[in-house]
Colleague: 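Structure in C-alpha cells, see below.
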Amino acid sequence: MVTKVVDLRSDTVTKPSEAMRAAMAAAEVDDDVLGADPTAQRFEAEMARIMGKEAALFVPSGTMGNLVSVLAHCDTRGSEVILGDNSHIHIYENGGISTLGGVHPRTVPNNPDGTMDIDKIVAAIRHRDGAMYYPTTRLICLENTHGNTGGKCLSVEYTDKVGEVAQSHGLKLHIDGARIFNASVALGVPVHRLVRAADSVSVCLSKGLGAPVGSVIVGSKAFIDKAKILRKTLGGGMRQVGILCAAAYVAVRDTVGKLADDHTKAKVLAGIL
C-alpha cells in the first residue's frame, strides 16, 4: 500500500513547514507600501547581507522580480537586453520586458551548459554609431541555475567574465538567480561571491527553498529605490507583507543547509530512472 507520495511536478509545490506557519502567525507587521513593515525590513536587510549587496526588495514572484530588474536597468524606451535564447526571461515570462517595458530582447544561443559564448555576447552589443537605427544595449542577463539546460550551474569564473564584458561596455548585468542557492551549494562557492559581478539578482524563495510565496531582488540602494517604484506600478505593492517575509526568512534559514541532500536524492532518482 502506498503511504507517501513524492510530488515531482515542480519544486514549487512544497508546503510551508510548521516553523514557517508559526513565524507567519507571530510576525510583527505594518504597511510595507509605506515602508513601515518591520518584518519585511529585517528580511530584506538579511537577504542583502547574504547576497553581498546594498539593499533588497521582496516581490510577489520571480517573474515580477526579473521584470522589475530589467525595467529598472532599461528605463529608457528603445533599450535592448542581451539574453539567452533558451532563458526563462525570454521563454516563460510572457514577453513582459517588451510588452510592458518597451525593452527589445536580443538573443544569443545558450550552450548545453547554460552559458552563452563570450564572443557572441560581445558581438551582440550594439555599436553606438548605429543609434539612428538600432536599439541601445543597456543590459546583459544570465540565468543560474539554467533551467532549460537541466539546471546547469554557471561558474563564478564565467560570471565574472560576463561581468567584465558588461563593465567594459558600460552595461549592467542581471542574474536570474531563481535557484542561485542550489548553484552555490553545488559549486561550493559562497552565494555572495557567485553574484559579485552582478548589478542585480533575483532569488526565488518559493522553489527549492520551500517558502509559500515570493522572491527577492538585490542590488545597490539606488537600484532598489527604482525597483520599489516599479513594483508598485506593476501592482506588487503588498501591505502587511511581513507575514510572507517571515516564512521566507525561515525558508532561507532552515533550507539552504539541506540543499546538498536534495541534490544527492535527485542524483539517486536520476540514476534509478
Side-chain angles (χ1 to χ4, degrees), residues 8-12 51-52 62-63 65-66 69-70 73 80-93 95 97 105-125 137 139-169 171-204 207-209 215 217-218 256 258-273:
L8 298 177
R9 286 176 295 162
S10 171
D11 59 355
T12 61
M51 303 298 293
T63 294
N66 286 329
S69 297
V70 172
H73 291 307
E80 186 169 71
V81 54
I82 296 170
L83 74 174
D85 67 340
N86 212 9
S87 65
H88 196 280
I89 293 175
H90 186 58
I91 302 288
Y92 297 118
E93 298 184 7
I97 62 172
R106 188 167 199 193
T107 59
V108 171
N110 281 118
N111 297 316
D113 64 356
T115 65
M116 299 175 282
D117 290 345
I118 297 293
D119 59 345
K120 291 180 180 178
I121 293 175
V122 173
I125 299 172
T137 310
L139 179 65
I140 302 170
C141 289
L142 297 177
E143 181 181 334
N144 198 10
T145 61
H146 196 277
N148 265 5
T149 57
K152 294 295 197 311
C153 302
L154 274 57
S155 70
V156 67
E157 292 82 11
Y158 174 78
T159 304
D160 284 351
K161 286 179 183 177
V162 177
E164 290 168 7
V165 168
Q167 189 171 37
S168 66
H169 288 81
L171 310 178
K172 300 296 185 181
L173 173 61
H174 172 69
I175 296 178
D176 174 2
R179 298 172 177 87
I180 194 69
F181 282 100
N182 290 83
S184 171
V185 170
L187 295 170
V189 177
V191 68
H192 65 84
R193 177 64 188 89
L194 198 53
V195 302
R196 189 167 71 185
D199 296 284
S200 61
V201 187
S202 63
V203 182
C204 192
K207 292 188 171 73
L209 297 182
S215 289
I217 53 177
V218 298
V256 173
K258 300 176 182 177
L259 292 179
D261 187 50
D262 284 354
H263 295 171
T264 299
K265 290 176 179 176
K267 289 175 182 177
V268 169
L269 178 62
I272 294 170
L273 291 174

Colleague: Around atom NZ of K172, are there more than 12 heavy atoms from other residues, nucleotides or ligands closer than 6.0 Å?
Modeller: no
Colleague: Evaluate N66 against E93 for side chain to side chain contact (heavy atoms under 4.5 Å, CB included), listing each step before the verdict.
Modeller: CA-CA 9 Å; N66 286 329; E93 298 184 7; 2.9 Å; yes
Colleague: Salt bridge (charged side-chain N to carboxylate O under 4.0 Å, His left out) with K265: which residues, sequence neighbours excluded?
Modeller: D261
Colleague: Just one of N111, N110, N148 clears the side-chain hydrogen bond (donor to acceptor under 3.5 Å, both in side chains) bar with N86, so which one?
Modeller: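 With N86 as partner, N111, N110, N148 yield a single side-chain hydrogen bond (donor to acceptor under 3.5 Å, both in side chains), made by N148.
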Colleague: Of the non-hydrogen atoms in S69 and I217, which two are nearest, and what is the gap between them?
Modeller: OG-CG2, 3.6 Å
Colleague: Does V165 reach the side chain of I125, with side-chain heavy atoms less than 4.5 Å apart?
Modeller: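 They are in side-chain contact.
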Colleague: Does any N or O in the side chain of R179 come within less than 3.5 Å of the main-chain N or O of G151, such that one atom is a donor and the other an acceptor?
Modeller: no
Colleague: Should D117 and V108 be marked as a side chain to side chain contact (heavy atoms under 4.5 Å, CB included) after you check the CA-CA gap, both sets of side-chain angles, and the distance that decides it?
Modeller: CA-CA 8 Å; D117 290 345; V108 171; 5.8 Å; no
Colleague: What's the separation between atom CD1 in I175 and atom CG in L142, rounded to the nearest 0.5 Å?
Modeller: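 With rounding to 0.5 Å, CD1 (I175) is 5.5 Å from CG (L142).
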Colleague: Quick one: are H263 and V185 in side-chain contact, heavy atoms under 4.5 Å?
Modeller: yes
Colleague: How long is the gap from CG on L269 to OG1 on T264, to the nearest 0.5 Å?
Modeller: 12.5 Å
Colleague: Ignoring hydrogens, what is the shortest heavy-atom contact between M116 and Y158? Give both atom names and the distance.
Modeller: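 Scanning both residues, the minimum pair turns out to be O-OH, 2.6 Å.
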Colleague: How far apart are the closest heavy atoms of T149 and H146, and which atoms are they?
Modeller: OG1-ND1, 3.1 Å
Colleague: To the nearest 0.5 Å, what is the distance between CG on L139 and CG on L171?
Modeller: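 Here the interatomic distance stands at 8.0 Å.
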Colleague: Checking side chain to side chain contact (heavy atoms under 4.5 Å, CB included) for the pair V256/L209: CA distance, chi angles, key distance, verdict?
Modeller: CA-CA 7 Å; V256 173; L209 297 182; 3.8 Å; yes
Colleague: Closest approach of I97 and P105, non-hydrogen atoms and distance?
Modeller: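 Nearest pair, atom of I97 first, then P105: CD1-CB, 4.2 Å.
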Colleague: Do any side-chain atoms of residues 192-201 form donor-acceptor pairs under 3.5 angstrom with protein atoms, and if so which ones, sequence neighbours left out?
Modeller:
residue : atom : partner : partner atom : Å
R193    : NH1  : D160    : OD1          : 3.3
R193    : NH1  : D160    : OD2          : 3.4
R193    : NH2  : D160    : OD2          : 2.6
D199    : OD2  : L173    : N            : 2.8
S200    : OG   : H73     : NE2          : 2.9
S200    : OG   : H174    : ND1          : 2.7

Colleague: Verify side chain to side chain contact (heavy atoms under 4.5 Å, CB included) between L187 and V156, making sure each step is shown before the conclusion.
Modeller: CA-CA 9 Å; L187 295 170; V156 67; over 6 Å; no
Colleague: What is the minimum heavy-atom distance between R106 and A123, and which atoms define it?
Modeller: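 Closest heavy-atom pair between R106 and A123: NH1-O, 4.2 Å.
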Colleague: side-chain contact (heavy atoms from CB on, under 4.5 Å) with I121: which of L83, T115, I140?
Modeller: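 Only match with I121 under side-chain contact (heavy atoms from CB on, under 4.5 Å): I140.
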Colleague: Verify, without hydrogens or angle tests, whether S184 (side chain) and V191 (backbone) share a donor-acceptor contact under 3.5 angstrom.
Modeller: yes
Colleague: So H90 and D85, side chain to side chain donor-acceptor pair (under 3.5 Å) or not? Walk me through it.
Modeller: CA-CA 7 Å; H90 186 58; D85 67 340; over 6 Å; no
Colleague: What pairs with D262 under side-chain contact (heavy atoms from CB on, under 4.5 Å), at least two apart in sequence or on another chain?
Modeller: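 Scan of D262 (side-chain contact (heavy atoms from CB on, under 4.5 Å), adjacent residues dropped) gives L259.
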Colleague: Can you name the nearest heavy-atom pair linking S202 to G65, along with the distance?
Modeller: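 Heavy-atom minimum between the residues: CB-C, 4.4 Å.
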